[in-house]
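A note on names: the letters A, B, ... follow the listed sequences, proteins ahead of strands, and every chain is numbered from 1.
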2 protein chains.
Amino acid sequence: MMKANANVAKVATLVSDSSRAAILTILLDGRFHPVSDLAYMVGITPQTASYHLAKMTQANVIDVESQGRHRYYGISNQEIAQVMESFLQVAPPVEIKSLKQSNEEKALRHARTCYDHIAGNLGVKLKTSLMNQQFLVEKDNEFHITSDGEIFFNTIDIDTNKLKKKRRMFCSKCLDWSERRHHIAGALGNAMLEKFLELEWIERVPKSRALKITALGGNGLNEMFGVDP
Amino acid sequence: MMKANANVAKVATLVSDSSRAAILTILLDGRFHPVSDLAYMVGITPQTASYHLAKMTQANVIDVESQGRHRYYGISNQEIAQVMESFLQVAPPVEIKSLKQSNEEKALRHARTCYDHIAGNLGVKLKTSLMNQQFLVEKDNEFHITSDGEIFFNTIDIDTNKLKKKRRMFCSKCLDWSERRHHIAGALGNAMLEKFLELEWIERVPKSRALKITALGGNGLNEMFGVDP
DNA sequence: TCCATATTTCGATGATAATCGAAATATTAA
DNA sequence: TTAATATTTCGATTATCATCGAAATATGGA
């Protein structure tokens with residue numbers, strides 16, 4: 001019994017340092033980042049960043065990809081994203097001390113990446129819309145796509161058969177810390193994120209994991225999904 | 001952004017110490033325990049236990065109830081149970097080094113308490129059975145009871161109307177670390193645990209959060225739920 | 001080859017936290 | 001009132017960890 005606790009403690013330890021928590025939060029944007037950028041964004045030296053990144057890499061929390069002298073670090077594992085989101089459920093709310101902070105918080109609540117899929121109000125609305133139109137139905141820990149759903153996704157150029165063949169959950173749930181409801185994760189969640197970026201319905205915000213909905217996207221989401229962003 | 005991370009780090013810190021993780025795991029049995037017992041079970045002195053219990057009480061992770069010279073500590077908040085279960089998802093598996101440990105692990109996987117409801121294989125099978133018989137249906141983050149379900153629960157003396165009036169979720173999901181599927185939490189989950197204990201279908205195992213299914217319980221669960229424990 | 005850049009490693013420092021012996025406090029039983 | 005028990009508090013000790021300056025290593029451009 002003590003061993004299991006030691007393992008739980010070990011995982012919690014990885015998140016319990018404020019620098020590592022900051023790094024992991026940045027990496028929830030789904031991107032891979034070089035050491036120097038992470039160090040700068042968190043406000044620590046590259047040596048300290050390197051120390052923490054090595055620790056998390058060794059624990060299989062994050063991955064590293066080398067390109068020449070650059071080392072790019074990113075989250076490799078959706079379970080870590082879910083642990084971070086579940087922490088944000090129970091973490092005390094941040095005290096907002098400036099208008100800038102308030103706007104940033106709102107932007108994250110509105111739409112953001114959660115590792116490799118869309119989270120926030122947009123993510124939850126998308127799920128609700130797909131459920132209401134019976135393109136998806138819920139069963140156990142996963143959504144199942146309907147025939148109508150397959151037709152629908154094909155009209156926006158998402159090949160659901162191809163997604164099903166991937167070695168990951170097709171369409172799982174992720175509990176959203178800001179909305180307290182689920183949004184769509186898994187292969188379908190990822191495909192939607194990539195497609196909307198491609199269609200320029202959404203775009204990434206520099207140095208943030210917030211997602212901005214474009215005017216084009218507002219129209220597209222309304223028209224195709226019946227979602228008012 | 002850094003503030004949010006500090007809050008996440010703060011919560012993770014509470015679990016990151018092996019003594020506190022051990023205490024929290026013991027408290028997942030849903031019982032309240034005195035300081036001296038917790039100290040003994042974890043293998044630390046009462047002073048150390050007192051130090052950790054004070055820390056977690058101050059952070060509203062656990063509650064304390066005084067009775068004379070005794071201070072009884074227990075979990076007051078289902079979210080903490082869910083955080084612990086989610087950690088167990090990503091914690092590396094325990095290396096089994098004895099037959100006793102293996103049996104303990106199996107017992108926990110088979111049936112255990114998760115704070116105030118049934119978890120493990122039994123918990124998941126109960127949920128599946130209730131879904132298959134259409135006593136419960138899934139919608140968003142919660143199960144909804146059907147008319148047939150209300151009739152069913154009343155036959156085993158669980159008053160679902162009364163449960164709905166409680167100030168908590170009626171029938172939420174909790175993702176089971178051992179089965180990787182959901183079991184039933186919330187008011188209904190708690191009522192089922194209490195009723196099965198009352199009916200002597202299950203009984204608590206001393207010094208463990210495992211639950212033992214009795215012969216009587218095996219029959220009852222089979223007959224009433226169609227569950228083979 | 002030399003220089004610039006990115007990252008890692010080393011070692012020292014300082015901070016923080018968990019531990020427990022001793023003592024204090026609170027409660028209860030005799 | 002005294003003694004026993006349970007728990008908390010205090011203070012000292014020890015261990016661990018995050019930090020960064022300096023140096024080393026690796027890669028790439030001139």
Exercise. Could you check how far CG of B:Leu53 sits from C1' of C:dT19, rounded to whole Å?
Key: 15 Å
Quiz prompt | A:Glu200, CD atom: more than 12 neighbouring heavy atoms under 6.0 Å | solution = no
Quiz item: Rounding to a whole Å, what distance do you find between B:Ile44:CD1 and D:dA6:C1'?
Solution: 15 Å
Quiz item: Quick one: is A:Lys55 getting a side-chain N or O under 4.0 Å of the D:dC17 phosphate, OP1 or OP2?
Solution: no
Quiz item: Using a cut-off of less than 4.0 Å, is there contact between a side-chain N or O of A:Arg20 and OP1 or OP2 of D:dA18?
Solution: yes
Quiz item: In whole angstroms, how far is the C1' atom of D:dT8 from the CD atom of B:Gln47?
Solution: 9 Å
Quiz item: Think B:His70 has a side-chain N or O under 4.0 angstrom from the OP1 or OP2 of D:dT7?
Solution: yes
Quiz prompt | Side-chain N,O (B:Thr45) to OP1/OP2 (C:dG21) below 4.0 Å | solution = no
Practice problem: Nearest whole angstrom, please: distance from the P of C:dG14 to the OH of A:Tyr51. | Solution: 18 Å
Quiz item: Can you name the nearest heavy-atom pair linking A:Ile184 to A:Cys171, along with the distance?
Solution: CG2-SG, 3.6 Å
Quiz prompt | Between A:Thr45 and A:Thr48, a side-chain donor and acceptor under 3.5 Å | solution = yes
Exercise. Report which part of the nucleic acid A:Thr48 touches: base, sugar-phosphate, or nothing (heavy-atom distance under 4.0 Å, all strands).
Key: base
Exercise. Please state whether the phosphate of D:dT8, meaning OP1 or OP2, lies under 4.0 angstrom from any side-chain nitrogen or oxygen of B:Tyr73.
Key: yes
Quiz item: Would you say A:Ser19 reaches D:dA18's phosphate, i.e. side-chain N/O to OP1/OP2 under 4.0 Å?
Solution: no
Quiz item: OP1, OP2 of D:dT9 versus side-chain N and O of B:Ser50: anything below 4.0 Å?
Solution: no
Quiz item: Quick one: is A:His52 getting a side-chain N or O under 4.0 Å of the D:dC17 phosphate, OP1 or OP2?
Solution: no
Quiz prompt | Interatomic distance, B:Leu38 CG vs D:dT7 C1' [rounded to whole Å] | solution = 13 Å
Self-check item: Residues B:Lys195, B:Asp157: salt bridge by 4.0 Å N-O rule
Solution: yes
Quiz item: With respect to the side chain of B:Val35, which nucleotide from D:dT8, C:dA17, C:dT9 is positioned closest?
Solution: D:dT8
Quiz item: In terms of the angle between their ring planes, are A:His183 and A:His117 parallel, tilted or perpendicular, with boundaries placed at 30° and 60°?
Solution: tilted
Self-check item: Interatomic distance where CZ belongs to A:Arg71 and P belongs to C:dT9 [whole Å]
Solution: 10 Å
Quiz item: Between the base of D:dT7 and the side chain of B:Arg69, is there any donor-acceptor pair under 3.5 Å?
Solution: no
Practice problem: Write down the distance between CD (B:Gln67) and C1' (C:dT27), rounded to a whole number of angstrom. | Solution: 13 Å
Exercise. Could you state the atom-to-atom distance from OH of B:Tyr72 to P of C:dA26 in whole Å?
Key: 20 Å
